[in-house]
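Every chain is numbered from 1 and lettered A, B, ... according to where its sequence line falls, protein lines coming before strand lines.
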Amino acid sequence: MRIATWNVNSITARLPRLLAWLESSGTDVLCIQETKTTAEQFPADELRELGYESAVNATGRWNGVALVSRVGLDDVTVGLPGGPDYEGVQEPRAISATCGPARVWSVYVPNGREVDHAHYAYKLQWFEALKASVAADAAGARPFAVLGDFNVAPTDADVWDPALFEGATHVTPAERAALAALREAGLSDVVPRPLKYDHPFTYWDYRQLGFPKNRGMRIDLVYGNEAFSKAVTDSYVDREERKGKGASDHAPVVVDLDV
DNA sequence: ATGTCATGCCTCGCATGA
């Protein structure tokens, strides 16, 4: 089974590339982030024509996540149970479902903006709720994984220039401690291989030639439990999808499983 | 080459977020 996660930065803007990539890559289950659409506007019909079911948590212009599967899509949970509000609203940042043999989450962790911003505190609270929600499945025997845009670089090697990130979000000890807490709950980081260069970055800013200069970050992560991680036969970042006109600023992370 | 991009509106340019 081939499972992937991809922050598409608008599923409307990305639809031609998304449909072409699903077919060419042979992906069975895709975790999507930043749909930037309402659930009503989500292109479920186009995906169904390719043989994929969809489950969507999306409310409009910002955020939005989805699960797309051609191997089953059952027991869908929309949202993060017990998750915090931001400015009085439960933002659409999580959805989970059972896709064939695996239980899967698609998450778009809050960005945080600045360390002294309310959004940063919200980010840490969001991680706390995520850990509580996934703890049982993380410790369970069924293959289970949380995939998505975590908006945290796990180590200094996961940013192109750590010196530039001093004092910034995505690299703080508290954010990395939130990832460590997920690992302590039974999940492990399925690190993909890069298709070029020595580090598997997954995101490159649109600005200042970020991609051509490989000024990237690894913030799109796959956190799998023991059964999931043991079944992994390969994993890579499909940087080809970051190239050319009409690319997202994130590349898909692909995981092959023997399940 | 690939020197932002995407959305949505008090909508044809700007504010916002990343």
Look at A:Asp158 together with A:Arg176 and state whether they make a salt bridge at an N to O cut-off of under 4.0 Å.
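No.
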Once you apply a heavy-atom cut-off of 4.0 Å, does A:Arg113 come out as touching a base, just sugar-phosphate, or nothing?
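Touches sugar-phosphate only.
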Which part of the nucleic acid, if any, lies within contact of A:Thr37, taking any heavy atom under 4.0 Å across all strands shown: a base, the sugar-phosphate backbone alone, or nothing?
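Since no nucleic acid heavy atom lies under 4.0 Å of A:Thr37, the category is nothing.
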Between [X] ([atom1]) and [N] ([atom2]), how many Å, whole number?
X	N	atom1	atom2	result
A:Trp62	B:dA18	CH2	P	7 Å
A:Tyr86	B:dT16	OH	C1'	12 Å
A:His117	B:dA18	NE2	C1'	13 Å
A:Asn9	B:dA18	CG	P	11 Å
A:Glu34	B:dA6	CD	P	12 Å
A:Asn7	B:dC5	CG	C1'	12 Å
A:Arg207	B:dG3	CZ	P	14 Å
A:Asp205	B:dT2	CG	P	18 Å

Rounding to an integer number of angstrom, what distance separates [N] and [M] when you compare their [atom1] atoms?
N	M	atom1	result
B:dC10	B:dG17	P	15 Å
B:dC12	B:dT7	C1'	15 Å
B:dT16	B:dT11	C1'	16 Å

Quick check for you: among [options], whose closest atom lies nearest to any side-chain atom of [X]?
X	options	result
A:Thr12	B:dT7, B:dA6, B:dA18	B:dT7
A:Tyr108	B:dA6, B:dA15, B:dA18	B:dA18
A:Arg61	B:dA18, B:dG8, B:dT2	B:dG8
A:Leu209	B:dC5, B:dT2, B:dT16	B:dT2

Looking at A:Leu147, A:Asp28, A:Thr27, which one forms a side chain to side chain contact (heavy atoms under 4.5 Å, CB included) with A:Ile3?
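So, applying the side chain to side chain contact (heavy atoms under 4.5 Å, CB included) to A:Ile3 and each of A:Leu147, A:Asp28, A:Thr27, only A:Leu147 qualifies.
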Using modelled atom types and a 3.5 Å cut-off, is there a donor and acceptor pairing between side-chain atoms of A:Arg14 and backbone atoms of A:Gly246?
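Answer holds: yes.
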For A:Gly60 and for A:His250, find the nucleotide of DNA chain B with the closest heavy atom, then tell me which residue's nucleotide is more 5'.
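Nearest nucleotide further toward 5': that of A:Gly60.
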A:Asn63 vs A:Lys245, nearer the 5' end of DNA chain B by closest nucleotide
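The residue closer to the strand's 5' end, by nearest nucleotide, is A:Lys245.
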Verify the neighbour count for atom CD of A:Glu46: are there more than 12 heavy atoms of other residues, nucleotides or ligands below 6.0 Å?
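For A:Glu46, atom CD is crowded (more than 12 foreign heavy atoms under 6.0 Å).
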Do A:Ser248 and A:Glu241 pair up side chain to side chain, a donor and an acceptor below 3.5 Å, judged on atom types alone?
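No donor-acceptor contact under 3.5 Å links the two side chains.
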